[in-house]
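Note on naming: letters A, B, ... go to the chains in the order of the sequence lines (proteins, then strands), and numbering restarts at 1 for each one.
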There are 2 protein chains.
Amino acid sequence: MVRKDFETYLSVEGVRIGERDVEMLRAIDRCGSMHRAAEDLGRSYAHLQRRVDEIMDAAGPITERERGGADGGGTALTDQALELVEQFRRLRGAFEGVAAVTESVFPGTVVERTGEVATVETEFGRVLAVVSDERGDVRISVRSDAVVLTLPADAPDREQTSLRNQFAGTVRDLQAGEAVVRLTVELDGGTELVALITRASRERMDLGPGDEVVASFKATAARGVGAVSDREN
Amino acid sequence: MVRKDFETYLSVEGVRIGERDVEMLRAIDRCGSMHRAAEDLGRSYAHLQRRVDEIMDAAGPITERERGGADGGGTALTDQALELVEQFRRLRGAFEGVAAVTESVFPGTVVERTGEVATVETEFGRVLAVVSDERGDVRISVRSDAVVLTLPADAPDREQTSLRNQFAGTVRDLQAGEAVVRLTVELDGGTELVALITRASRERMDLGPGDEVVASFKATAARGVGAVSDREN
DNA sequence: ACCCGTAGTATCAATGACGATACAACGGCG
DNA sequence: CGCCGTTGTATCGTCATTGATACTACGGGT
């Protein structure tokens, strides 16, 4: 089975700060010196030091270094460096979220567009989605953690919310995890849309197979990509 | 300024299929033979062929090849390969969405947790968020494309929807793009939450600075990461 | 029988990343 | 003054990736 995978980077001034760099910065922070950090990570001091300099050149004052003295000196990270590390971890966390989540995919046709947002005709109705530059036939993919379920009686007025895409359906499958429940909702035309909601939400709404629900998602949570084959023959 | 960056992969049987591989597959599809694909991409046939074999070993029948004949033979992609390419593009699209979107970050403290979902105490109230394994002080980051805005009069009943996190606030800043508007909402305690909604949504709801709104987001759209420094001293 | 463009394989060279090693400079302390 | 653990810098060897090159095998046309 294919697994979604990724690598995270923060690019600044042409330098890409990756996982390895962040581990390096954390080791320096932890150890208080680049020598001990290098030893701790099992890598050479020379290249570690050179890499820190490269990052400093691009990203600004990331370290404060002292040499000589009773303890021989040392290197400390600046707050700016810690902020960088934290930003990296937030970004990686967001990517992990994408990689961990299943998505629902269905075909459609772009019928209108304004900038990046397009109206796509599908089997179950019109969907607003982010479509970068394709036109014609596309496949829409909706992150299942972006799908909001509402009981039909309480469905918000379409005019009064930024939740543009709303579709009625019935709950089919239900897989309970430790904290999160994976619900499959069948829309018109038989299209299946997966929604990820917390266990507590499912219990409060008392959802189960056969129940009618309204599934909603924002236009910015739906993305369209075009057909793939450019075959010449 | 730092830019969010990433590389996308699909891993199958220990082989990581990346951007370069997908470009290779598309070139084969486009050109009809590996030789012409190699030339088209400006890379050597030998390694391209070897790489295709590696991917075939891992991912199954990706190509159908013929040699000899009037045209000398050629290589075609199977539907399975096209599906793989499309899956890659969908994944990359999802990552692009994450990288393009701004996020709102605010500090909080984990007060309770069930599996990956934690209740986090913040300046403006309790937030349900996905927190992998941290405890104590964390920073919550909310993707701004996951924030749903509703007019207070029409705010959905908390009990009847899977939108767990709801906070009242007032619109402060408003930056209009071509198709998408970036709204800053000030919550209790002065915390600022950024929401990305379509231009049409903003017009329909007639939102502007000073207006009261309810900002909502799902627990699965909020992620917490722990403090970064493990300093020993 | 030969030609041609393809698939398939083996081998060498260039490149880049990185560890290993060596050495100078620094500065408080005994 | 010399010791020590740092920060810096330069150089060399190793390894992995990949382009370059050369070769064989294939099979339908001419």
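The separation between B/Leu48 atom CG and C/dA10 atom C1' is 17 Å, rounded to whole Å. The CD atom of A/Glu39 sits 20 Å away from the P atom of C/dC18 (whole-angstrom rounding). For the pair A/Glu64 CD and D/dT6 P, the computed distance is 18 Å after rounding to whole Å. Rounding to whole angstrom units, CG of residue B/Asp71 and P of D/dC26 are separated by 17 Å. What separates CG of B/Asp40 from P of D/dG19 is a distance of 14 Å, to the nearest Å. Between the OH atom of B/Tyr45 and the P atom of D/dA20 there is a distance of 16 Å, given to the nearest Å. Rounded to whole Å, the distance from CD1 on B/Ile62 to P on C/dA7 is 16 Å. Atom-to-atom, CZ of A/Arg50 to P of C/dG19 comes out at 11 Å; the value is rounded to the nearest Å.
Neither OP1 nor OP2 of C/dA7 sits under 4.0 Å from any side-chain N or O of B/Gln49. The side chain of B/Ser33 contributes no N or O atom lying less than 4.0 Å from OP1 or OP2 of C/dG5. An OP1 or OP2 oxygen of C/dC18 is reached within less than 4.0 angstrom by no side-chain nitrogen or oxygen of A/Arg43. Phosphate proximity of D/dT6 to A/Arg36: present, with a side-chain N or O under 4.0 Å from OP1 or OP2.
In this structure, a donor-acceptor pair under 3.5 Å is absent between the side chains of B/Thr75 and B/Thr63. In this model, a donor atom of one side chain and an acceptor atom of the other lie less than 3.5 Å apart for B/Glu103 and B/Ser141.
Mapping A/Gly68 and A/Gly42 onto DNA chain C via the closest heavy atom, the residue that lands nearer the 5' end is A/Gly42. Where B/Arg67 and B/Ala70 meet DNA chain C, the nucleotide closest to each residue was compared, and B/Ala70 sits on the side nearer the 5' end. Residues A/Gly74 and B/Gly69 each lie close to DNA chain D; by heavy-atom proximity, the contact nearer the 5' end of the strand is made by A/Gly74. Toward the 5′ end of DNA chain D lies the nearest nucleotide of A/Glu66, the other residue of the pair A/Glu66 and B/His47 mapping further downstream.
On a pure distance criterion of 3.5 Å, no polar donor-acceptor pair joins the side chain of B/His35 and the base of C/dG5.
At most 12 non-hydrogen atoms from other residues, nucleotides or ligands lie less than 6.0 angstrom from CD of B/Glu39.
In this structure, B/Gly73 reaches the sugar-phosphate backbone alone: every heavy-atom distance under 4.0 Å involves primed, P, OP1 or OP2 atoms, never a base. Residue contacts shown for A/Arg20 are limited to sugar-phosphate atoms, with no base heavy atom under 4.0 Å away.
Partners of A/Phe106 under the ring-ring contact (aromatic ring centres under 6.0 Å, His included) rule, at least two apart in sequence or in another chain, are A/Phe124.
Between A/Phe95 and B/Phe6, the ring center distance clears the sub-6.0 Å criterion.
Side-chain proximity of B/Thr75 to C/dT9, C/dA7, C/dA20: nearest is C/dA7.
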